[in-house]
A.B. asks: 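Could you have a look at this structure, given as structure tokens, before my questions?
Model, not experiment: these values are computed from the prediction.
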Amino acid sequence: MSSHMAVAIRAATESETFDLAGNSVSTIGTTIKSAFATPLELNDMIRLTFVTGAGKLGRSKYDDDAAKTVTSTLRELGYVDDRGASCVVECAGSFKSQHDTGKNLKTIVVFPLIQTLNDTMGDLALGDGQKGPAILEDGSPKQLLAMASMNTFERMLISKCPSWSQKKVCVAVIEEVKAIVQGLDNNLMQGTPLTDSEQEFYDECDLTSLENKENYTKSEMQKHVEEGKITPLEKKKLLAQVQEKLAALEGDIKDATENQKPKKLQKSQAQKQKLTERVATLDAIKTCMPHPLKQQPAIEKLRKEMQPLLKLEKETKGRLLSIKETTAMGRKDEIEDEILYFEEDSRGWFEEDEDFQLRIDASRALARTKAAAAKKTVKKSSAGSAANKASTPINWVLPGAPKRTTRPAAKKKATNTNAFAAMMDSDSD
């Protein structure tokens, strides 16, 4: 089924809609990858809409991770999330999430990369005076990091790559760019002319700058470890890396021992000692919570709006809803969609799905904790009010009984004996 849909997508010449109901995550991923791995041959931009979810009645037809699978696969292919994207050539290679409130459908709208006939002919006859394709996608994280000054790069690393894992991928990206620059340098050494875009890129992005950025990023990664600013998942990855190196060294030590290579044996044993110490250091690290989602304030505001709707849903379970209640419950579906959008919008640069999911889980766990605390506070307040009412005395009045009025106590009159005693006391002074 995936191959048929992928063929249909690539054969589209005008805007179309594809329903992903009944498709598993693996099928969806294969379909998207097959359809968008290479640009579509079109003369004009088209809009390709994928239905990834529906309201309460049709929700069971779609996999819960359908939308996430579509967007993550598109990102792997170089597509970018752009809420303002529209059906114009300038938006090629972008996508956005939408909620059709009229039909109550969740969709991902894709504006594909296209290869027009003129582009194809231009690539075949590229000569002097032709700019050629861009080396790095304009505005992409890779391009921004490669072209930024050192001061700007340091600020970007703080705001865009705050975690150890993101910095690790950032190092790999810098190494990719270094390889591109080195390749262009080799072409020049061999006398191969560069296109205008290659020459422009080569002039603006030098190896020394990239090496400085790579070294700075590695030093920041080391600080994460030394200061314990790594998540449990990151600690697990680090330990796995060290254990893998240790396993490889065991083989080297065995080989050096059997073949009587004392220098290699001494070197391997010294490396093993360092790695063993590193394992002990990593084991002693107390991990930290993942950094909060970028859109956490907006998400918390929506979850607060959701609470009375969840209470209404629980109270009305098993009976028909009124028009007012139905309208309110419709807002609940909209809030769920908005929360999902803000969660996805909080994904950072170079953030892998596993690390991002950990941050989402932490955000949702925090929401559950706050909701439980609020509920506990309400119950405690209600119990206190009930206790106050119970402690207030109740005056029962029987039918026909005269009303009892409370009068101030009358002052007692002094007796003669008391008056005589007072006189005696007066005389004794």
Side-chain angles (χ1 to χ4, degrees), residues 29 33 36-37 68 71-81 93 133-186 198 201-202 204-227 229-248 275 278 282 285 287 290-291 294 346-359:
K33 192 169 291 185
F36 298 106
K68 185 190 295 183
T71 56
S72 62
T73 306
L74 287 170
R75 283 194 183 90
E76 290 174 8
L77 297 172
Y79 281 67
V80 295
D81 189 353
I135 304 301
L136 299 178
E137 182 185 350
D138 190 35
S140 66
K142 185 185 290 187
Q143 190 254 1
L144 292 172
L145 290 174
M147 299 300 183
S149 66
M150 196 61 199
N151 288 336
T152 303
F153 175 83
E154 291 176 7
R155 292 197 298 271
M156 279 184 177
L157 206 63
I158 294 172
S159 61
K160 302 297 185 182
C161 302
S163 71
W164 177 89
S165 295
Q166 288 170 281
K167 289 180 174 69
K168 185 175 185 295
V169 180
C170 182
V171 169
V173 167
I174 293 172
E175 289 176 349
E176 289 178 13
V177 179
K178 281 172 62 180
I180 294 173
V181 176
Q182 189 63 60
L184 295 176
D185 194 41
N186 292 339
E198 288 174 338
F201 173 76
Y202 184 77
E204 294 181 3
C205 190
D206 65 282
L207 282 173
T208 303
S209 172
L210 291 171
E211 286 170 356
N212 290 338
K213 292 172 182 177
E214 182 179 3
N215 291 334
Y216 177 78
T217 306
K218 287 180 178 178
S219 68
E220 290 299 303
M221 289 174 63
Q222 184 62 30
K223 285 182 183 178
H224 274 275
V225 178
E226 292 172 353
E227 297 172 6
K229 294 180 179 179
I230 55 173
T231 65
L233 180 59
E234 290 170 339
K235 179 178 177 178
K236 185 178 178 181
K237 289 179 181 179
L238 281 164
L239 282 169
Q241 286 177 6
V242 179
Q243 294 292 355
E244 187 178 346
K245 291 178 181 178
L246 277 171
L275 289 175
R278 184 164 176 78
L282 290 172
I285 290 177
T287 56
H291 58 279
K294 178 180 70 175
S346 296
R347 183 188 287 267
W349 283 5
F350 317 127
E351 191 167 18
E352 297 178 351
D353 289 342
E354 193 176 14
D355 297 295
F356 183 49
Q357 188 60 50
L358 187 67
R359 294 205 296 134

A.B. asks: Determine whether Ile180 and Leu136 make a side-chain contact, defined as any pair of heavy atoms from C-beta on separated by less than 4.5 Å.
C.D. replies: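 Yes, side chains in contact.
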A.B. asks: Minimum heavy-atom separation for Arg359 to Ser346, with atom names?
C.D. replies: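 Residues Arg359 and Ser346, closest heavy atoms: NH2-O, 2.8 Å.
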A.B. asks: Any side-chain donor paired with an acceptor under 3.5 Å for Ser163 and Gln166?
C.D. replies: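 Yes, because at least one side-chain N or O of Ser163 sits under 3.5 Å from a partner of the opposite role on Gln166.
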A.B. asks: NE2 of His291 to CG of Leu358: how many Å apart, nearest 0.5 Å?
C.D. replies: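 His291 NE2 to Leu358 CG: 10.0 Å, rounded to 0.5 Å.
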A.B. asks: Assess whether atom CD of Glu244 is packed by more than 12 heavy atoms of other residues, nucleotides or ligands within 6.0 Å.
C.D. replies: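 No, because the 6.0 Å sphere around CD of Glu244 holds 12 heavy atoms or fewer from other groups.
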A.B. asks: Verify, without hydrogens or angle tests, whether Lys245 (side chain) and Leu275 (backbone) share a donor-acceptor contact under 3.5 angstrom.
C.D. replies: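 Answer holds: no.
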A.B. asks: Report yes if some heavy atom in the side chain of Glu351 is under 4.5 Å from a heavy atom in the side chain of Val169; otherwise report no.
C.D. replies: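 When only atoms from C-beta onward are counted, Val169 and Glu351 do not touch, as no gap falls below 4.5 Å.
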A.B. asks: Within the distance-only criterion (no hydrogens, no angle test), does the side chain of Lys142 pair as donor or acceptor with the backbone N or O of Glu137 below 3.5 angstrom?
C.D. replies: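 A pair under 3.5 Å: no.
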A.B. asks: For His224 and Ile230, which heavy atoms make the closest approach, and how far apart are they?
C.D. replies: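 Looking at all heavy atoms of both residues, the closest pair is O-CG2, 4.0 Å.
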A.B. asks: Does the side chain of Ile135 come within less than 4.5 Å of Tyr202's, by heavy atoms?
C.D. replies: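 Not in contact.
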A.B. asks: Would you mind telling me which of Asn212, Leu210, Ile174 makes a side chain to side chain contact (heavy atoms under 4.5 Å, CB included) with Phe153?
C.D. replies: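 Result for side chain to side chain contact (heavy atoms under 4.5 Å, CB included) with Phe153: Ile174.
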A.B. asks: Please examine the side chains of Met147 and Cys205, heavy atoms only from C-beta on, and report whether any two atoms are closer than 4.5 Å.
C.D. replies: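 They are in side-chain contact.
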A.B. asks: Within the supplied structure, the quantity of interest is the number of heavy atoms (other residues, nucleotides, ligands) at a distance under 6.0 Å from Glu214 CD; does it exceed 12?
C.D. replies: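 Above 12, so yes.
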A.B. asks: Donor-acceptor check, side chain of Lys294 to backbone of Gly348, threshold 3.5 angstrom: yes or no?
C.D. replies: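 Between the backbone of Gly348 and the side chain of Lys294 there is no qualifying donor-acceptor contact (under 3.5 Å).
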A.B. asks: Taking all atoms of both residues into account, what is the closest heavy-atom pair of Thr231 and Pro290, and its distance?
C.D. replies: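 Nearest heavy atoms, Thr231 then Pro290: CG2-CA, 3.8 Å.
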A.B. asks: How about Lys213 and Leu145: do any of their side-chain heavy atoms sit closer than 4.5 Å?
C.D. replies: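 Heavy-atom side-chain distance check fails, nothing below 4.5 Å.
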A.B. asks: Quick one: NZ on Lys218 to NZ on Lys168, what's the gap to the nearest 0.5 Å?
C.D. replies: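 If I round to the nearest 0.5 Å, the distance is 11.0 Å.
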A.B. asks: Start with the C-alpha distance between Asp355 and Trp164, add both sets of side-chain angles, then the distance that settles side-chain contact (heavy atoms from CB on, under 4.5 Å), and finish with yes or no.
C.D. replies: CA-CA 10 Å; Asp355 297 295; Trp164 177 89; over 6 Å; no
A.B. asks: Taking all heavy atoms of Cys170 and all of Leu157, pick out the closest pair and write down the distance.
C.D. replies: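 Here Cys170 and Leu157 meet closest at SG-CD1, 4.0 Å.
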A.B. asks: Tell me whether Gln143 contacts the main-chain N or O of Gly139 through its side chain, where contact means a donor paired with an acceptor under 3.5 Å.
C.D. replies: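 Here the side-chain-to-backbone pair exists.
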A.B. asks: For Arg347 and Glu352, work out which heavy atoms get closest and say how close.
C.D. replies: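 Smallest heavy-atom distance, with atoms named: NH1-C, 4.1 Å.
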A.B. asks: Sub-3.5 Å donor-acceptor pair from the side chain of Asn215 to the main-chain atoms of Glu211, do we have one?
C.D. replies: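 A pair under 3.5 Å: yes.
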A.B. asks: Set out, in order, the CA-CA distance, both residues' side-chain angles and the distance that settles salt bridge (charged side-chain N to carboxylate O under 4.0 Å, His left out) for Glu226 and Lys223, then state yes or no.
C.D. replies: CA-CA 5 Å; Glu226 292 172 353; Lys223 285 182 183 178; over 6 Å; no
A.B. asks: With rounding to the nearest 0.5 angstrom, report the CZ to CG distance, Arg75 to Asp353.
C.D. replies: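 It comes to 8.5 Å.
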A.B. asks: Where do Pro141 and Phe350 come nearest, in terms of heavy atoms and distance?
C.D. replies: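 That closest heavy-atom pairing would be CB-CZ, 3.7 Å.
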A.B. asks: Is it the case that more than 12 heavy atoms not belonging to Lys178 sit under 6.0 Å from its NZ atom?
C.D. replies: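 Result for NZ/Lys178: enclosed.
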A.B. asks: For Glu220, is there any backbone N or O sitting under 3.5 Å from a side-chain donor or acceptor partner on Lys167?
C.D. replies: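 Pair absent, no side-chain N/O of Lys167 close to backbone of Glu220.
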A.B. asks: Are any of the side-chain nitrogens in Lys237 or Glu234 under 4.0 Å away from the carboxylate oxygens of its partner?
C.D. replies: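 Looking at Glu234 together with Lys237, the answer is no, because their closest N to O distance does not fall below 4.0 Å.
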A.B. asks: With rounding to the nearest 0.5 angstrom, report the CD to CD distance, Glu227 to Gln222.
C.D. replies: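 Taking CD in Glu227 and CD in Gln222, the distance rounds to 10.0 Å.
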A.B. asks: If you round to the nearest 0.5 Å, how far is CH2 of Trp349 from OG of Ser159?
C.D. replies: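 Answer rounded to 0.5 Å: 7.0 Å.
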A.B. asks: With the side chain counted from C-beta on, respond yes when Thr71 and Tyr79 share a heavy-atom pair under 4.5 Å apart, and no when they do not.
C.D. replies: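 Thr71 vs Tyr79: side chains apart.
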A.B. asks: Any side-chain heavy atom of Asp206 within less than 4.5 Å of one from Val181?
C.D. replies: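 No, too far: nothing below the 4.5 Å cut-off.
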